[in-house]
Amino acid sequence: MKAHKIALIPGDGIGVDVTDATMQVLNAAAARFGFALDATRFDWSCETYVATGRMMPENGIETLRGFDAIYLGAVGWPATVPDSVSLHGLLLPIRKAFDQYANIRPHRVLPGVEGPLKAQGFDILCIRENTEGEYSGAGGRVHHGRDNEVAVETAIFTRKGVERILRFGFEQARARRKHLTSVTKSNAQRHSMVFWDEVTQLLAPEYPDVTVSHMHIDAMAAKMVMAPQDLDVIVASNLFGDILTDLGAAIQGGLGFAASANICPDRSGPSMFEPVHGSAPDIAGKNIANPIAAIWSGAMMLEHLGESAAATAVLSAVQAATGQGVGIRPGSHGTGQITAAILNALEA
Ligand code: GGG
């Protein structure tokens with residue numbers, strides 16, 4: 001039987017709850033479709049940091065390299081470890097080390113879910129640049145705590161980085177409704193964002209079947225609320241994409257529905273799949289976290305592994321469960337109930 005090697009990093013807080021739920025569903029799908037998920041669990045988390053001084057061991061990246069995919073729950077436990085430490089100790093190094101430069105986040109309203117907007121029939125794919133830009137980590141601080149303290153955080157945009165994420169976006173648009181919106185703030189940021197706009201213009205003639213629009217991030221924030229049905233594929237920088245996809249999550253009904261994939265398109269390293277949401281310490285371990293974003297991310301992982309039929313079945317089961325009213329509102333059902341409804345639909 002074919003077995004896919006999965007590195008499981010549940011991480012912190014509800015990351016553990018939703019990873020357990022996801023693996024129940026993915027294992028059921030694997031059994032039904034005749035393959036196996038050979039999962040190895042890594043307890044890399046803020047607890048590990050407190051115990052060892054590291055979020056993951058020194059050879060963590062090398063350890064992950066041998067896997068077909070990585071599944072991550074959530075990172076962060078600010079009561080014991082500053083978020084800037086946990087994020088830079090686990091999630092961001094993995095994205096960068098394996099050149100997972102395309103972060104894909106779908107936004108649409110699942111059956112039965114009442115999003116906050118009048119418009120429900122939208123289907124947006126947000127592509128976030130995932131390895132550079134505002135998350136480059138370039139910068140520093142001097143004169144700590146003094147009146148003359150200075151903090152610098154430099155966003156880095158390379159031609160290679162910008163071109164490849166835009167190409168990825170064009171390809172996605174080509175496979176969908178053939179409309180790409182490139183999001184910048186090139187009126188204010190006249191170096192990096194003008195450069196981004198120029199690269200977009202340069203590539204556009206190579207994709208004559210795709211219509212291209214340029215939009216500033218502030219206008220895009222309004223558009224996603226006022227007319228999301230007009231949007232198809234959005235491409236944005238690391239930080240802009242991060243912010244817009246929380247807005248995307250909100251219009252699709254909440255962070256409990258927002259899935260994501262960190263893709264290494266040339267497959268030189270493993271890709272990583274994770275819900276958009278964080279660790280939500282206030283509800284961790286209470287069986288009330290919505291596992292749908294995590295399970296949808298798991299379906300994206302199956303698709304990436306070439307198990308398209310299983311991926312479609314998992315997503316259909318999620319839609320069947322929400323269509324029956326399960327998991328559609330915060331607190332309406334527990335993690336276990338939602339998982340059971342999805343498992344039932346998968347077996348039906
Ligand atoms: N599900 C992964 C997670 O914990 N995400 C929270 C977060 O803050 N991520 C940072 C980012 O995606 O930029």
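Start at 1 with the first residue, then count along the sequence. All ligand and atom numbering here is 1-based and tracks the order in the structure.
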* Salt bridge Glu274-Arg95, side-chain N to carboxylate O under 4.0 Å ->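 A salt bridge links Glu274 with Arg95.
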
* Hey, is Arg174 close enough to Asp209 for a salt bridge, meaning N to O under 4.0 Å? ->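 A salt bridge is present here (some side-chain N lies under 4.0 Å from a carboxylate O).
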
* Asked: Around ligand 1, what residues show up once you keep those with a heavy atom under 4.0 Å from it?
  ->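 Ligand 1 pocket, heavy atoms under 4.0 Å: Leu72, Gly73, Ala74, Val75, Leu87, Leu91, Arg95, Arg105, Arg128, Tyr135, Asp242, Glu274, Pro275, Val276, His277, Gly278.
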
* To do: Could you tell me if the ring centre of Phe67 sits under 6.0 Å from that of Phe98?
  =>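 They do not qualify: ring centres at least 6.0 Å apart.
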
* Asked: Just wondering, more than 12 heavy atoms not from Glu47 lying within 6.0 Å of its CD?
  ->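 No, not enclosed.
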
* To do: Could you walk me through whether Glu132 and Asn238 pass the side chain to side chain donor-acceptor pair (under 3.5 Å) test, one step at a time?
  => CA-CA 7 Å; Glu132 55 173 49; Asn238 213 330; over 6 Å; no

* Could you check His107, Arg105, Arg128 and say which one makes a side chain to side chain donor-acceptor pair (under 3.5 Å) with Thr245? => Arg105

